[in-house]
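Reading through the structure tokens given below for one structure.
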Amino acid sequence: EAQVTQNPRYLITVTGKKLTVTCSQNMNHEYMSWYRQDPGLGLRQIYYSMNVEVTDKGDVPEGYKVSRKEKRNFPLILESPSPNQTSLYFCASSLSGRGRDTQYFGPGTRLTVL
Amino acid sequence: AQSVAQPEDQVNVAEGNPLTVKCTYSVSGNPYLFWYVQYPNRGLQFLLKYITGDNLVKGSYGFEAEFNKSQTSFHLKKPSALVSDSALYFCAVRDTNNFNKFYFGSGTKLNVKP
């Protein structure tokens with residue numbers, strides 16, 4: 001089944017404790033992206049990747065890092081989480097070029113930073 | 001800055017009645033517009049997109065959207081609502097200067113009552 005998976009689905013952590021949220025897709029998509037969803041703000045793009053080893057900032061990259069060492073994986077790293085990073089995070093993937101129009105989203109990771 | 005706005009936090013409609021979920025956009029150049037739906041505890045699912053061509057775009061689950069350039073709007077519509085259409089709906093636009101970036105609206109909660 002074609003899908004985007006994220007782990008963990010739920011995470012409660014404390015300020016300053018490094019964490020990684022994994023994202024993996026099995027559709028051989030070149031493009032991958034991370035978003036955070038906050039009430040009243042919708043989804044905001046954190047980082048995106050056009051292909052292996054090619055990443056760039058979205059609208060709200062502060063406090064986050066990403067890497068794209070393999071085509072299927074695009075982990076989101078919070079080196080020193082803070083309470084304002086408490087949010088619902090979504091990973092998405094799509095084909096490149098015109099196919100980038102249609103993004104496939106993972107189920108989401110709900111992160112709470114105390 | 002490029003953006004989309006969803007002026008209604010919530011839309012209530014009776015089953016069988018037509019529904020409209022509103023979206024307006026602000027971009028430089030020709031817009032690439034999308035609608036996504038989010039069911040509870042799920043990731044977003046693609047509904048439809050406008051790239052160019054006919055102003056009335058048909059999508060999944062009987063939804064359609066009308067692109068209106070003069071009013072800079074892209075409203076989502078369905079002739080006859082179902083209770084199962086109850087969900088959170090997001091309008092989105094692709095950045096016309098950087099096709100890798102996307103901007104989402106704040107979301108509209110659609111409630112369809114039996």
Using non-hydrogen atoms and a 4.5 Å limit, figure out which bit of L41(A) sits close to chain B: side chain, backbone, both or neither.
backbone

Establish whether L88(B) and Y61(B) are linked, either directly or via other cluster members, by ILVMFWY side-chain heavy-atom contacts under 4.5 Å.
no

Between Q45(B) and chain A, which part of the residue has a heavy atom less than 4.5 Å away: side chain, backbone, both or neither?
neither

Taking the side chain as every heavy atom from C-beta outward, state whether D95(B) and Q45(A) have any pair of such atoms under 4.5 Å apart.
no

If we only count heavy atoms from C-beta on, is the F90(B) to Q37(A) side-chain gap below 4.5 Å?
yes

Got a donor-acceptor contact below 3.5 angstrom from the Y31(A) side chain to the N100(B) backbone?
yes

Chain B contact via R110(A) - which portion, at a heavy-atom distance below 4.5 Å
neither

Treating Ile, Leu, Val, Met, Phe, Trp and Tyr as nodes and any side-chain heavy-atom pair under 4.5 angstrom as an edge, say whether F102(B) and L48(B) lie in one connected cluster.
no

Is the distance between the ring centroids of F105(A) and F46(B) less than 6.0 Å?
no

Nearest 0.5 Å please: distance from the CG atom of D38(A) over to the OG atom of S106(B).
12.0 Å

From M50(A) CE over to F99(B) CZ, what is the distance, rounded to the nearest 0.5 angstrom?
13.5 Å

Using a cut-off of 6.0 Å, state whether more than 12 heavy atoms not belonging to N30(B) lie near its atom CG.
no

Can you measure from NZ (K101(B)) to CG (D59(A)) and round to the nearest 0.5 angstrom?
5.0 Å

What part of Y104(A) gets within 4.5 angstrom of chain B, counting heavy atoms only: side chain, backbone, both, or neither?
neither

Check this for me: K22(B), atom NZ, are more than 12 non-hydrogen atoms of other residues, nucleotides or ligands nearer than 6.0 Å?
no

Should Y64(A) and L43(A) be counted in the same cluster of Ile, Leu, Val, Met, Phe, Trp and Tyr side chains packed under 4.5 Å apart?
no

Report yes if some heavy atom in the side chain of Q103(A) is under 4.5 Å from a heavy atom in the side chain of Y36(B); otherwise report no.
yes

For R9(A), is the CZ atom crowded, meaning more than 12 foreign heavy atoms sit under 6.0 Å from it?
yes

Is there a chain of hydrophobic side chains (I, L, V, M, F, W, Y, each step under 4.5 Å between heavy atoms) that links L47(B) to V21(B)?
yes

For Q6(A), which atoms come within 4.5 Å of any heavy atom of chain B: side chain, backbone, both, or neither?
neither

Can you tell me if CG on D54(B) sees more than 12 non-hydrogen neighbours from other groups inside 6.0 Å?
no

According to a hydrophobic-cluster definition based on side-chain heavy atoms being under 4.5 Å apart (Ile, Leu, Val, Met, Phe, Trp, Tyr only), do F63(B) and Y39(B) belong together?
yes

Could you tell me the separation between the CZ atom of F104(B) and the CZ atom of F90(A), rounded to the nearest 0.5 Å?
10.0 Å

